[in-house]
Amino acid sequence: MTAVESRPAGVLGESKSSGHRPFGARVKAFVALTKPRIIELLLITTVPVMFLAEQGVPDLTLVLLTCLGGYLSAGGANALNMYIDRDIDALMDRTSQRPLVTGMVSPRECLAFGITLAIVSTLLFGLAVNWLSAWLSLGALLFYVVVYTMILKRRTSQNIVWGGIAGCLPVLIGWSSVTNSLSWAPVILFLVMFFWTPPHYWPLSMKVKEDYARVGVPMLPVVASNKVVAKQIVIYSWVMVAVSLLLTPLGYTGWFYTLVALLAGGFWLWEAHGLQNRAKAEVTGGKLKEMRLFHWSITYVSILFLAVAVDPFLR
């Protein structure tokens with residue numbers, strides 16, 4: 001993420017006239033409202049679970065419909081998040097080029113866009129996949145928008161811990177889209193993502209904590225020292241790795257997944273403890289290297305869920 005020059009406090013980009021908003025730029029702006037980079041990660045956790053549920057290759061049409069529904073649902077949630085957070089987005093370096101801030105999309109357009117995506121995605125899931133997946137998808141959207149964005153984000157340093165539940169639900173959706181039911185396997189993977197989210201996001205928050213402090217959002221690195229944050233990262237990391245290993249003794253995965261989970265989890269713990277050691281030594285600035293864990297966290301979840309998809313073929 002590239003930092004850009006901050007604009008004066010409280011100033012949002014004025015709505016541009018239609019003549020100053022080229023069609024191509026407008027399309028890109030509406031796509032940006034959905035936060036595609038984040039949705040990629042959600043789909044990485046959805047599709048492999050479909051392979052695990054099927055114990056092989058799931059129906060490809062079903063995969064396509066589930067991915068499309070998931071993209072529209074998460075995109076709607078992200079657009080509504082930008083609508084609600086447009087005031088603080090204008091004051092933060094990392095969000096100051098979002099479409100509502102620059103005026104490329106008006107607040108009314110963003111609100112209508114988000115609600116439309118929410119409705120379309122729910123109907124798509126319900127009519128083309130199944131209604132269990134539809135309600136789970138709608139629940140994830142409402143949890144992210146209402147519980148995280150509107151209630152938790154600006155009130156508690158535990159915002160990302162509990163608000164992260166919304167990002168865990170695609171695991172359940174992937175399983176339910178295939179089986180129209182739930183079981184312990186997706187619940188375990190849900191918990192993996194639950195314990196993954198804080199140590200994934202807190203390193204990024206450490207990097208940009210001045211942004212959050214400026215707008216009064218109490219992310220943990222804003223209200224606690226680096227040593228406290230790093231200790232919490234290590235605790236959540238150990239629990240996450242331990243939970244990831246539960247799939248095999250319960251009979252859902254075999255040797256391949258177990259090996260990958262051990263190796264990837266072991267490297268994660270190495271990085272987490274490295275960050276803690278640097279924080280204890282009161283290292284600051286670039287030498288803290290907090291973004292190493294952030295970047296590895298994305299690689300970790302990609303590798304782990306790829307193992308989830310491949311494992312059924314090696315048993």
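- A distance of 10.5 Å separates CG of Leu127 from OG1 of Thr122, quoted to the nearest 0.5 Å.
- Here the straight-line distance linking atom CD1 of Ile88 with atom CZ of Arg214 works out to 11.5 Å at 0.5 Å rounding.
- Shortest non-hydrogen contact noted between Pro203 and Leu293 is CG-CD2, 3.9 Å.
- Note that NZ of Lys207 is 10.0 Å distant from CG of Leu204, once rounded to the nearest 0.5 Å.
- Note that CZ of Arg37 is 12.5 Å distant from CD1 of Ile39, once rounded to the nearest 0.5 Å.
- Checked by atom type and distance alone, the side chain of Asn81 never pairs as donor or acceptor with a backbone atom of Ala77 at under 3.5 Å.
- When hydrophobic residues (I, L, V, M, F, W, Y) are linked wherever their side-chain heavy atoms come within less than 4.5 Å, the members clustered with Leu262 are Leu245.
- Between Leu288 and Leu275 the shortest side-chain heavy-atom distance falls below 4.5 Å.
- For Pro99, the side-chain contact (heavy atoms from CB on, under 4.5 Å) partners at least two apart in sequence or on another chain are Ala29, Ala32, Leu33, Met82, Val105.
- Enclosure of atom NZ in Lys289 is not indicated, since only 12 or fewer non-hydrogen atoms of other residues, nucleotides or ligands lie within 6.0 angstrom.
- Within the 4.5 Å cutoff, no side-chain heavy atoms of Pro48 are placed close to those of Leu306.
- Two residues are said to be in side-chain contact when any heavy atoms from C-beta on lie closer than 4.5 Å; Val161 and Thr197 fail this criterion.
- Applying the ring pair (Phe, Tyr, Trp, His ring centres under 6.0 Å) test to every pair with at least one member in residues 76-134, sequence neighbours left out, gives these pairs: Phe30-Phe113, Trp131-Trp135.
- Listed by chain and residue number, nothing satisfies the salt bridge (charged side-chain N to carboxylate O under 4.0 Å, His left out) test with Glu290 (two or more places apart in sequence, or in another chain).
- Note that CG of Leu80 is 6.0 Å distant from CG of Leu141, once rounded to the nearest 0.5 Å.
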Check: residues 56-63 side-chain donor-acceptor pairs under 3.5 Å, at least two apart:
unit_1, atom_1, unit_2, atom_2, d
Asp59, OD2, Thr61, N, 3.1
Asp59, OD2, Leu62, N, 2.9

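- Looking at Leu304 and Met193, their side chains never come closer than 4.5 Å, going by heavy atoms from C-beta outward.
- Scanning all heavy atoms of the two residues, the minimum distance from Asn159 to Leu152 falls at CB-O, 3.5 Å.
- Under the 4.5 Å side-chain criterion, counting only non-hydrogen atoms from C-beta, Val260 is in contact with Ile303.
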Would you be so kind as to tabulate the donor-acceptor pairs closer than 3.5 Å made by side chains of residues 229-237, with sequence neighbours excluded?
unit_1, atom_1, unit_2, atom_2, d
Ser237, OG, Ile233, O, 2.6
Ser237, OG, Trp268, NE1, 2.6

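- Shortest non-hydrogen contact noted between Met150 and Arg155 is O-NH1, 2.9 Å.
- For Lys153, the salt bridge (charged side-chain N to carboxylate O under 4.0 Å, His left out) partners at least two apart in sequence or on another chain are Asp85.
- Heavy atoms of other residues, nucleotides or ligands lying less than 6.0 angstrom from CZ of Arg315 number more than 12.
- Residues satisfying the salt bridge (charged side-chain N to carboxylate O under 4.0 Å, His left out) test with Arg98, not counting sequence neighbours, are Asp89.
- Counting only residues at least two apart or on different chains, the side-chain hydrogen bond (donor to acceptor under 3.5 Å, both in side chains) pairs with a member in residues 174-193 are Ser133-Ser176, Trp175-Thr179, Thr179-Ser181.
- Atom CZ of Phe143 is separated from atom CH2 of Trp162 by 8.5 Å, given to the nearest 0.5 angstrom.
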N/O donor to acceptor pairs below 3.5 angstrom from side-chain atoms of residues 166-173, sequence neighbours left out:
none

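- Applying the side-chain hydrogen bond (donor to acceptor under 3.5 Å, both in side chains) rule to pairs touching residues 240-261 yields Thr248-Thr253, Thr248-Thr258, sequence neighbours excluded.
- Legend: side-chain hydrogen bond (donor to acceptor under 3.5 Å, both in side chains) pairs involving residues 297-310, not counting sequence neighbours, sorted by first then second residue: His200-Ser297.
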